[in-house]
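Just so you know, residue 1 is the first one in the sequence shown, and it goes up from there. Counting convention: from 1, in listed order, for ligands and their atoms alike.
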Amino acid sequence: MGLIRSLSPHSSTLPDPVNSSSAAASSGKHSSASFGSSKVGLTSNGSAGISNSKIVTGDCGYVLEDIPHFTDYIAYLPAYPNPLQDNPAYSVVEQYFVDSEDTVPQKAIAHRNGPRGIHFRRAGPRQKVYFEPDEVQACIVTCGGLCPGLNTVIREIVCGLYNMYGVKKVLGIDGGYKGFYSRNTIPLNPRSVNDIHKRGGTILGTSRGGQDTKKIVDSIQDRGINQVYIIGGDGTQKGAAVIYEEIRRRGLKVAVAGIPKTIDNDIPVIDRSFGFNTAVEEAQRAINAAHVEAESIENGIGVVKLMGRHSGFIAMYATLASRDVDCCLIPESPFYLEGSGGLFEFIERRLKENGHMVIVVAEGTGQDVLSENAHSVNKDPSGNKLLQDVGLWISQKIKDHFAKRNKMAINLKYIDPTYMIRAIPSNASDNVYCTLLAQSAVHGAMAGYTGFTVGLVNGRHTYIPFYRITEKQNKVVITDRMWARLLSSTNQPSFLSLKDAPQDKKDEESLQGLDENHIGSTLNGFLDPKEISC
Ligand SMILES: Nc1ncnc2c1ncn2[C@@H]1O[C@H](COP(=O)(O)OP(=O)(O)OP(=O)(O)O)[C@@H](O)[C@H]1O
Ligand SMILES: O=P(O)(O)OC[C@H]1O[C@](O)(CO)[C@@H](O)[C@@H]1O
Ligand SMILES: [Mg+2]
């Protein structure tokens with residue numbers, strides 16, 4: 001059961017507690033209150049056990065998917081002027097504090113008569129904060145697989161808290177979620193994190209599994225922690241969502257802020273995840289090596305396997321960037337080997353035309369076919385399916401095919417740089433991106449927001465409610481322009497025979513995951529069709 005804040009019935013502004021410190025007032029499942037031309041409400045949401053979502057609606061189909069704030073569930077909290085207002089470095093900025101009305105549209109493309117659609121709160125410093133500097137005891141945890149930029153985010157959270165807000169107590173949690181209750185903490189300060197951004201990995205260590213919400217929140221409470229920064233992928237953000245729920249259930253003034261991390265770029269809503277650019281850049285080295293090997297020998301074939309459990313973004317962007325790739329295979333695009341329009345036929349043709357070729361394959365590709373041959377499906381401690389090596393499998397299949405009846409002598413080299421592309425430090429552009437994500441998280445937590453993930457949406461930094469990040473995975477849409485660009489650059493077959501092509505919208509959605517225009521169940525009851533047209 002959730003609470004909604006009391007709203008002035010005549011106000012036409014967004015309810016932003018960092019400009020007004022009025023506290024919780026009424027309660028109710030799926031309730032809404034009108035104010036001016038806007039409506040705000042909380043509703044049940046089925047995803048990841050999250051019970052409350054804050055939806056604000058306005059004119060012309062405007063919807064704000066807002067994030068929780070302490071004042072939603074704690075009454076009469078004092079607020080303080082943001083210390084940044086006295087910071088000489090920022091005093092030159094004309095409007096440094098984010099206007100409470102600033103929100104960012106999820107979709108940048110608008111039609112004249114279309115609804116304004118979903119928006120997220122713009123990230124950044126607020127005029128008021130809900131912590132005094134010496135009251136803050138922050139902690140940082142990294143979970144899941146490695147990703148370039150983890151250390152940069154850690155560094156910038158520590159430095160942001162120290163330098164912008166005068167916070168002096170920051171702890172690192174050792175080895176992922178389980179470190180909360182099984183390890184000692186690591187004290188962090190600007191000196192200890194000074195040059196960690198030049199290193200790959202995470203200085204805090206990471207792990208999979210071991211997410212025991214009760215023990216984690218007990219540890220947060222026992223240690224007096226009141227800001228929790230959680231860096232990790234989809235699994236981690238689901239864990240963060242349940243930690244936030246438990247903290248809220250206990251009525252604690254503890255901010256939970258997620259920073260999305262995934263080498264696979266499989267987190268929805270955000271433009272891209274940090275470290276992704278670095279990984280794509282590093283993948284070029286492997287593709288280049290495969291190309292050099294392949295073109296130096298008769299009928300040379302280079303096969304490169306890149307990461308991408310369910311989403312083929314790294315393979316797609318690495319292929320588009322390289323221009324040396326003849327065929328890119330990703331999990332979203334089923335393919336077949338034999339017969340007309342199949343991979344073998346294409347390889348034969350390309351070898352006859354060019355004398356060599358390069359194939360890039362994302363690790364999650366063709367797992368259905370591979371697991372048919374596997375004895376059992378193993379899972380990692382987080383419950384993620386362990387993948388079969390598609391690179392080895394496809395290499396062997398190609399070799400067998402061309403060896404059959406001495407069809408054609410080929411020279412195949414298989415390169416597997418998977419861990420090399422994620423164990424490196426982030427490049428310059430990812431470093432800047434990590435810095436801004438970390439600072440957004442710090443500003444949000446200091447302003448009393450909680451239960452949110454920071455993310456870049458249409459080039460703007462935003463605060464996104466957890467459920468939007470965890471409800472589905474970001475996938476390459478194979479009926480989109482980007483995949484078409486790839487097909488036209490490689491000239492590979494689409495492997496979509498006519499009968500497989502999406503027949504209608506429903507098929508398309510099941511093929512691609514949910515449409516990005518999809519308005520989730522969270523909005524039921526808040527989007528009145530009458531309000532959409534204006
Ligand atoms: N549904 C869930 N609810 C609570 N915690 C979860 C859930 N799924 C995963 N976790 C926890 O989150 C942590 C990281 O999860 P996981 O290993 O799936 O990596 P991830 O965050 O998805 O990152 P990546 O997939 O990019 O490596 C683990 O400690 C795991 O136990
Ligand atoms: O680090 P692990 O457990 O070997 O997992 C590897 C997986 O992690 C990722 O890097 C991120 O989910 C995937 O691309 C890959 O399948
Ligand atoms: Mg994951």
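At least one N or O atom of T236, backbone or side chain, sits closer than 3.5 Å to an N or O atom of ligand 1. Close N/O approach between D380 and ligand 1 is not found [any backbone or side-chain N/O within under 3.5 Å]. Checked by distance only, ligand 1 and S207 stay at 3.5 Å or farther apart across all their nitrogen or oxygen atoms. For ligand 1, one of its N or O atoms has an N or O atom of G235 under 3.5 Å away.
With sequence neighbours excluded, no residue satisfies side-chain hydrogen bond (donor to acceptor under 3.5 Å, both in side chains) with Q284.
Atoms of ligand 1 lying under 4.0 Å from at least one heavy atom of G233, given by number and element, are 20 (P), 21 (O), 22 (O), 23 (O). In the vicinity of Y177, heavy-atom distances shorter than 4.0 Å reach the ligand 1 atoms 12 (O), 13 (C), 29 (O). Near N384, the atoms of ligand 1 lying under 4.0 angstrom from a non-hydrogen atom of the residue are 16 (P), 17 (O), 18 (O). Against a heavy-atom cut-off of under 4.0 Å, G144 is close to the following atoms of ligand 1: 14 (C), 19 (O), 23 (O), 27 (O).
Protein heavy atom at the shortest distance from atom 4 (C) of ligand 1 is G239 CA, 3.5 Å. In this structure, the protein non-hydrogen atom closest to atom 27 (O) of ligand 1 is G145 N, 2.7 Å. In terms of protein heavy-atom proximity, atom 29 (O) of ligand 1 is closest to G209 O, 2.7 Å. Protein heavy atom in closest approach to atom 17 (O) of ligand 1: S382 OG, 2.6 Å. Among all non-hydrogen protein atoms, the one lying nearest atom 22 (O) of ligand 1 is D234 OD1, 2.5 Å. R208 NH1, 3.2 Å is the protein heavy atom nearest to atom 19 (O) of ligand 1.
Around the Mg ion (ligand 3), the protein atoms of type N, O or S that sit closer than 2.8 Å are D234 OD1.
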Tell me which donor-acceptor pairs under 3.5 Å the side chains of residues 431-442 have, and how far apart each pair is, sequence neighbours excluded?
| unit_1 | atom_1 | unit_2 | atom_2 | d |
| --- | --- | --- | --- | --- |
| N431 | OD1 | T152 | OG1 | 2.8 |
| N431 | OD1 | S426 | OG | 2.7 |
| Y433 | OH | R272 | O | 2.6 |
| T435 | OG1 | N431 | O | 2.8 |
| S440 | OG | L436 | O | 2.9 |

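Here the side chain of Q367 pairs a donor or acceptor atom with the backbone of Q388 at under 3.5 angstrom. Under a 3.5 Å cut-off, the side chain of N458 and the backbone N or O of Q106 do form a donor-acceptor pair. Not one N or O on the side chain of Y467 forms a donor-acceptor pair closer than 3.5 Å with the backbone of S53. For Y463 (side chain) and G124 (main-chain N/O), a donor-acceptor pair under 3.5 Å exists by modelled atom type. With hydrogens and angles disregarded, no donor-acceptor distance shorter than 3.5 Å links the side chain of T206 to the backbone of G145. Between the side chain of K253 and the main chain of Y130, a donor-acceptor pair closer than 3.5 Å is present. Between the side chain of T490 and the main chain of L486, a donor-acceptor pair closer than 3.5 Å is present. A donor-acceptor pair is defined here as one N or O able to donate and one able to accept, closer than 3.5 Å; no such pair exists between the side chain of T462 and the backbone of F120. Proximity of a side-chain donor or acceptor of N151 to a complementary backbone N or O of R199 within less than 3.5 Å is detected.
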Check ligand 2 for N or O atoms under 3.5 Å from a protein N or O and list each pair with its distance.
| unit_1 | atom_1 | unit_2 | atom_2 | d |
| --- | --- | --- | --- | --- |
| ligand 2 | 1 (O) | R208 | NH2 | 3.3 |
| ligand 2 | 1 (O) | R422 | NH1 | 3.2 |
| ligand 2 | 1 (O) | R422 | NH2 | 2.6 |
| ligand 2 | 3 (O) | R208 | NE | 2.9 |
| ligand 2 | 3 (O) | R208 | NH2 | 3.4 |
| ligand 2 | 4 (O) | Y419 | OH | 2.4 |
| ligand 2 | 5 (O) | R208 | NH2 | 3.0 |
| ligand 2 | 8 (O) | R208 | NH2 | 3.1 |
| ligand 2 | 8 (O) | R422 | NH1 | 3.1 |
| ligand 2 | 10 (O) | R422 | NH1 | 2.7 |
| ligand 2 | 12 (O) | R309 | NH2 | 3.2 |
| ligand 2 | 14 (O) | D264 | OD1 | 2.8 |
| ligand 2 | 14 (O) | D264 | OD2 | 3.2 |
| ligand 2 | 14 (O) | E363 | OE2 | 2.8 |
| ligand 2 | 16 (O) | E363 | OE1 | 3.3 |
| ligand 2 | 16 (O) | E363 | OE2 | 2.5 |

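The structure places CG of L456 at 4.5 Å from NE2 of H461, a figure rounded to the nearest 0.5 Å.
Salt-bridge annotation for K54 and D72: present, with a side-chain N of the basic residue lying under 4.0 Å from a carboxylate O of the acidic one. A salt bridge is defined here as a Lys NZ or Arg NE, NH1 or NH2 lying under 4.0 Å from an Asp or Glu carboxylate O, and D218 with R250 meets this definition.
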* Determine, stepwise, if the pair E245 / R248 fulfils salt bridge (charged side-chain N to carboxylate O under 4.0 Å, His left out). => CA-CA 5 Å; E245 284 285 307; R248 182 175 174 145; 5.9 Å; no

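No option in V153, V141, I154 other than I154 meets the side chain to side chain contact (heavy atoms under 4.5 Å, CB included) test with T202.
Of the options Q211, K261, K238, the smallest heavy-atom separation from atom 23 (O) of ligand 1 is shown by K261.
If you check the side chains of Q237 and T453, you find a donor sitting under 3.5 Å from an acceptor.
Under a 4.0 angstrom heavy-atom cut-off, K178 registers as lying outside contact with ligand 1.
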